[in-house]
Amino acid sequence: MSDASAFDPLGLARQWMAQWEKLANEHGTELLARPEAVQAMQAMTSAAVKVQAVSNEATGRMLAAANLPSRADIDALGQRLASIEAALGRIEDRLRSGDATPSRPAVRRTRKPPRPTTA
Amino acid sequence: MASASLLQTAQTQVERAIQRNLKGLGYLGSAAPVLGASPKDTIVSRGPMRLYHYHPLVDEVYRVPVLLVMATTNRGYIFDMVPGQSLVEFLLLRGYDVFMLDWEAPRPEDRALDLKAYVEDFVGGAITEVQRGTGENDVSLVGYCMGGVLSTLWSGLNHDRGPKNLAVFTTPVDFKAMKLFQAWSDPRYFDVDRLVDTLGLAPAEMLLASFDMLRPAGRASANFQLYDNLWNDEYVKGHRMFDRWSNDMLPLAGEYFRETTKLLSWENRLVEGTLKIGGRPVELDKVICPFLHVTAEHDHIVTTEASAPLIELIGSEDKEQVVLKGGHVSLIAGPNAVKRMWPKLDSWLGAKSV
């Protein structure tokens, strides 16, 4: 028995990996929960968001100068399309509810749970 | 005897090493498994909302249909992985009429969708569609993680009209007990308004990184385990399914993300009993339908401290909390779920579905 388990070449690596994972998760989460780590992470996120905001504004101005629609314009178009989509959905629903021929045979809704088996 | 055993072990190890190399090459070149393929009709497709009705697999079903409500950050095929490992298929074979409220990535124009839209328009809208489609007024709600939160919120707002049964899995209610998420969303450092006002949506990459940081060594360990088990087809198949699903995260609509951060995470209003949606109070103490909450013993995302108080908040006399072996995902899918959670759900729900 011990001979067989001792011959597993990945056994040691497996044990080491399990221990490393436990330690890395414990210490890693502890580290990441520290206020200074959170501050650093959120500062990076904030910086990325700021860059995006500046970039959006500059791109918007450029597009306006070139007489092209901005993202906001496309969003507005998207919203109008979404409302049209919703209206189509409602029309489809009405058509479906008015369709008397179901695509599949109706199931009976009379099922009862199996009786509990006694040991 | 010992030497024969040693020889056999050595032979096994050599075979596995060869298989690892051969199958490792195959793994890189093969197609991803097809997931979520149970036959279904898409009943509603509106914004990020998708409502599916699965084709029944038996002639006689329970009177009360079941509506599965998926978490908003992930895709619903976790409920329908592959034949034999699909909760949807399991429920269909056990005689349930199964619907699922699933999500697509919200588009930029969906940024204004808020908590009220998700609870009232999407969960509420899905219930109305199920009622219309089946002709039954009663519907059982079954929610997972944030899907459980949405189901619970809808029930707390609409306790006078249902649901017939409410079952939720790993559903957080005390957000202050989610220590790491609390630390990372500390209002001193995390400007949710700036994020939402600038980007419109909460990016999926940011959400994925947050989940990954809960177990910083998780990915390295998973890759090692994959290499170790490359000889094992079943393991590799399971790894691919879960790996694909866990990486397939969805962005969140900006207002929804802003409100969940402020109202649930920062102000903890759900457990405090002060949450209002659309001006109406969420009254969990008035939810009197049969209630089941299943949590996982080793859940690193929604810890027991975060989910356990829910049972006390629900007003029903017929309520049950079950802690099963497993983690946040293995509770609902995979061999552990097949053995533990699915039979528990069936035995609880069957008698209440006539």
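Not measured: the values here are computed from a predicted model. In what follows, every chain begins at residue 1, and chains take the letters A, B, ... in the order their sequences are listed.
Contact annotation for B:Arg111: only side-chain heavy atoms (C-beta onward) come within less than 4.5 Å of a heavy atom of chain A. The contact between B:Tyr62 and chain A is made by backbone and side chain atoms together, counting heavy-atom distances below 4.5 Å. With a 4.5 angstrom heavy-atom cutoff, B:Asp346 does not touch chain A via any of its atoms. Interface remark: B:Ala220 contributes backbone and side-chain atoms alike to the contact with chain A (heavy atom separation under 4.5 Å). Looking at B:Gln182, there are no atoms closer than 4.5 Å to chain A (heavy atoms on both sides), in backbone or side chain. Both the backbone and the side chain of B:Asp59 come within less than 4.5 Å of a heavy atom in chain A. Looking at B:Leu214, the atoms closer than 4.5 Å to chain A (heavy atoms on both sides) all sit in the backbone: N, CA, C or O. For a residue to count as touching a neighbouring chain, one of its non-hydrogen atoms must lie under 4.5 Å from one of that chain's; by this rule B:Arg194 touches chain A with backbone and side chain alike. The contact between B:Leu180 and chain A is made entirely by side chain atoms (from C-beta outward), counting heavy-atom distances below 4.5 Å. Within the 4.5 angstrom heavy-atom criterion, no atom of B:Ser353 approaches chain A.
The backbone N or O of B:Lys179 lies less than 3.5 Å from no partner atom in the side chain of B:Trp184, so there is not a single donor-acceptor pair. In terms of modelled atom types and a separation under 3.5 Å, the side chain of A:Arg111 and the main chain of A:Arg108 share no donor-acceptor contact. Checked by atom type and distance alone, the side chain of B:Asp228 never pairs as donor or acceptor with a backbone atom of B:Phe224 at under 3.5 Å.
Chain B forms more heavy-atom pairs under 4.5 Å with one residue of A:Thr45, A:Ile74, A:Thr29 than with any other, namely A:Thr29. Looking only at heavy-atom pairs under 4.5 Å with chain B, the residue among A:Ala24, A:Gly28, A:Pro35 that has the most is A:Pro35.
For the pair A:Lys22 and A:Trp20, the cation-pi criterion (under 6.0 Å, within 45° of the ring axis) is not fulfilled.
Looking only at atom types and distance, the side chain of B:Asp41 has no donor-acceptor partner in the side chain of B:His53 under 3.5 Å away.
Between B:Arg258 and B:Asp197, at least one side-chain N (NZ, or NE/NH1/NH2) sits under 4.0 Å from a carboxylate O, which counts as a salt bridge.
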